[in-house]
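Data first, discussion second: the structure below is written as structure tokens.
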Protein chains: 2
Amino acid sequence: MKKKATLADVAAAAGVSKMTASRALRGVRDVSKINIARVREAAQELGYVGNFLAASLSSQRSDLIGVVVPNLTNIVFAQVLSGISEGIAGSGVQPVFGVTDYDLDKEYDIIRNMLSWQPAGLIVTGLDLPEQTRRLLENAEIPVVQIMDVDGDPVDACVGFSHIRSGEEIAQALLGAGLRKFGYAGCALTMDVRAAKRRIGFQRALIQNGLDFVEEVEAFELSSIAAGRSLTEQLLTKAPDLDCIYYSNDDVAAGGLFYCIEAGIAVPDQVALAGFNGLSIASGFPGRIATVRTPRREIGKQAAGIICSALEGKVVSGTSVELVPQVDLGLLEGRRG
Amino acid sequence: MKKKATLADVAAAAGVSKMTASRALRGVRDVSKINIARVREAAQELGYVGNFLAASLSSQRSDLIGVVVPNLTNIVFAQVLSGISEGIAGSGVQPVFGVTDYDLDKEYDIIRNMLSWQPAGLIVTGLDLPEQTRRLLENAEIPVVQIMDVDGDPVDACVGFSHIRSGEEIAQALLGAGLRKFGYAGCALTMDVRAAKRRIGFQRALIQNGLDFVEEVEAFELSSIAAGRSLTEQLLTKAPDLDCIYYSNDDVAAGGLFYCIEAGIAVPDQVALAGFNGLSIASGFPGRIATVRTPRREIGKQAAGIICSALEGKVVSGTSVELVPQVDLGLLEGRRG
DNA sequence: ACTGATATGGATACCGGTACCGATACCAGT
DNA sequence: ACTGGTATCGGTACCGGTATCCATATCAGT
């Protein structure tokens, strides 16, 4: 095999025209069974693979949808992607992923790059986009679904939940369980806008009840178990009498839990821990961490669904799907203050 | 903005020919500063984005590299991807990811699909490919780097480590620490070929020492903490006097550790746990789980490096880079049987 | 002023497919 | 035999860029 076989080669080998070969391989319109077989065989024989570039340049459509997420080491986004895969199953479109590492310039570049592939639609994480990025999306003339958040104004459509409200709600639940002395431990809040929103919501609920965080600590690295351990240690050193720590997410909270277990601190009796996301890591010690369970797969699935229905011509601009995450107090459940 | 601007529009707006506009935007050859400025401005004005499909169809190259991994919910692969990103930094190539979910048919489809984008290179997880998939890669005429394994025969090049040997080595280390009654707990071994290889290596070392697994349990779901918990419970019920459990990886092992902590079983004194990968989840309880630390980012980085040097014309076919993972006994360190 | 080198711009021919429309063959009906 | 319909194919013109080669302009040196 010296040179990659093209459709013309296949057609020649099958003794038909390029057009007939093209139709035969795509299974479209009327081609005689005999020719379909001949073309298939020739393609097989030559190891013909097809050229997506030429095909979609010519047909002016592409079956590609771009998916932009900030991070993959946080399983949350891996689950969103898997939801997307589920949502597009059978629709013939194919997702292409891009990871921004929470870097806004990189995000702009990635989106621009994706647009240059002429995708049929785009799924982008977050609502808070820089002006320039937003313009890019507005001018793209393809359906754009923003995910994971609804606290803001989408370019086109969005699927997610309110982080502010979810912070408020778990705060209220914890207050309802009688907790009063709250600490906060978070990672990378300047980058993770949504974690910051949750903190705001949580704090707002505290203030409404005449309280506030007694102490706060922050790490600038990305969230991790290790960061959770050390933040918890810091926090409990500064303020040993806390009765609850709110973390920016479950990874950090799990680190806190592990620290407490080793330090012999009873969770949740001596100090309660609350995180966010309902991650499986927290299920290592069922119920010990209060959390907010978020419908990640569902978000991916619905986002994909919106893109698909947009491709079928439905108008999706303006749709905003708010899913409701669920507060899970774990072992604190049923406790009364 | 009614219609997407093309290069011709930009050229017209800038008062130059398509070619000059093309050259100006790519910064190639000599274009007068004045025209570069004019074209840039026109492009900006029109929100021109460029068309990757047309560009690479025309130039017959694509600076795309396809990356195929089995799974994203296992952080290992996310880290490999991040290593790849690092490895290609500055080289101008762009990675595109595909996830197979350990499904061989899906793998074939994804690879085929990627090839249809005319990528400049491919990075594929694993050496054990079905015949058909292998042929596809062999005929592709682009550099193919297979990662995560070296126990086998690569299509082109590979970067990884020996799973068989890594199983043997940790077994020997555990034997050296005086452990004798081994159990095995694994997830999805038929799908995860490499986990199966580690088990083989481990068992081989046991047999060489006149031992074998006392008891084995397997779950058919993908590895998870929850699976680790329940497998461990099963295993210790069947064989309460085990002094060491070897798990298919650290996720499962972490589940085991959590189970033991809650059940009041001292780790590693009463029963030692050994996993694979050196995942951060195991760092929640430092040293409690023996593991084999694998250079995941490094694998990604080197794989990307190989692709890049192939693109510069170097012959890479036949290169096989074996990295050496590191046995970490954790708290068992220094113990003597 | 003429020559050659250097810098810069454009015309043309593709890249590998597909849309669109017209051509051909074959057959039933009258 | 002729007409019209159906089924099946092929020719041509693109899609939006880039490679290649040629044309022109400019300028220093003699």
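Below, read A as the first sequence line, B as the second, and so on, with proteins coming before strands; counting in each chain starts at 1.
A side-chain donor-acceptor contact under 3.5 Å links B/Thr125 to the backbone of B/Val68. B/Asp151 places a side-chain N or O within donor-acceptor distance of the main-chain N or O of B/His163, the cut-off being under 3.5 Å. A side-chain donor-acceptor contact under 3.5 Å links A/Asn51 to the backbone of A/Leu53.
One can place CD1 of A/Ile34 at 19 Å from P of D/dA7, the figure rounded to the nearest angstrom. Atoms CG (B/Asp9) and P (D/dC15) sit 11 Å apart, rounded to a whole Å.
The 12-atom threshold is exceeded at CZ of B/Arg134, counting heavy atoms of other residues, nucleotides or ligands nearer than 6.0 Å. B/Glu138 CD: more than 12 foreign heavy atoms inside a 6.0 Å radius.
Axis angle, first five pairs versus last five pairs of the helix from C/dA1-D/dT30 to C/dT30-D/dA1: 50°, rounded to 10°.
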Distances for protein N/O vs nucleotides 21-27 of chain D N/O pairs under 3.5 angstrom?
from, atom 1, to, atom 2, distance (Å)
D/dC21, N4, B/Arg29, NH1, 3.3

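For A/Asn51, taking side-chain heavy atoms from C-beta onward, the closest of the listed nucleotides C/dG17, C/dC20, D/dG17 is C/dG17.
Screening residues 71-91 of chain A for side chain to side chain donor-acceptor pair (under 3.5 Å), with sequence neighbours left out, gives A/Asn71-A/Thr73, A/Gln79-A/Arg296, A/Ser82-A/Arg297, A/Glu86-A/Arg297, A/Glu86-A/Lys301.
Between the side chains of B/Ser22 and B/Arg26, at least one donor N or O lies within less than 3.5 Å of an accepting N or O.
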What verdict does the side chain to side chain donor-acceptor pair (under 3.5 Å) test give for A/Ser59 and A/Ser56, after you've listed the backbone C-alpha separation in whole Å, the side-chain angles of each residue and the deciding distance to 0.1 Å? CA-CA 5 Å; A/Ser59 65; A/Ser56 44; 5.8 Å; no
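Of all non-hydrogen atoms in B/Thr100 and B/Pro70, the two that sit nearest each other are OG1-CA, 3.1 Å.
Within the structure, a side-chain polar atom (N or O) of B/Ser17 is placed less than 4.0 Å from OP1 or OP2 of C/dG10. The side chain of B/Tyr48 places an N or O atom within less than 4.0 Å of a non-bridging phosphate oxygen (OP1 or OP2) of D/dG17. Proximity of B/Arg61 to the phosphate of D/dT18: no side-chain N or O atom is located under 4.0 Å from OP1 or OP2. Between D/dG16 and A/Gln60, a contact under 4.0 Å exists linking OP1 or OP2 to a side-chain N or O.
Positionally, the nearest nucleotide of DNA chain D for B/Leu53 lies more toward the 5' end than for the other of B/Arg26 and B/Leu53. Map B/Thr20 and A/Met19 each onto its nearest nucleotide of DNA chain C; the residue landing nearer the 5' end is B/Thr20.
Between the side chain of A/Ser58 and the base of C/dG17, at least one donor-acceptor pair of N or O atoms lies under 3.5 Å. With hydrogens and angles ignored, no donor-acceptor pair under 3.5 angstrom links the side chain of B/Lys18 to the base of C/dG10.
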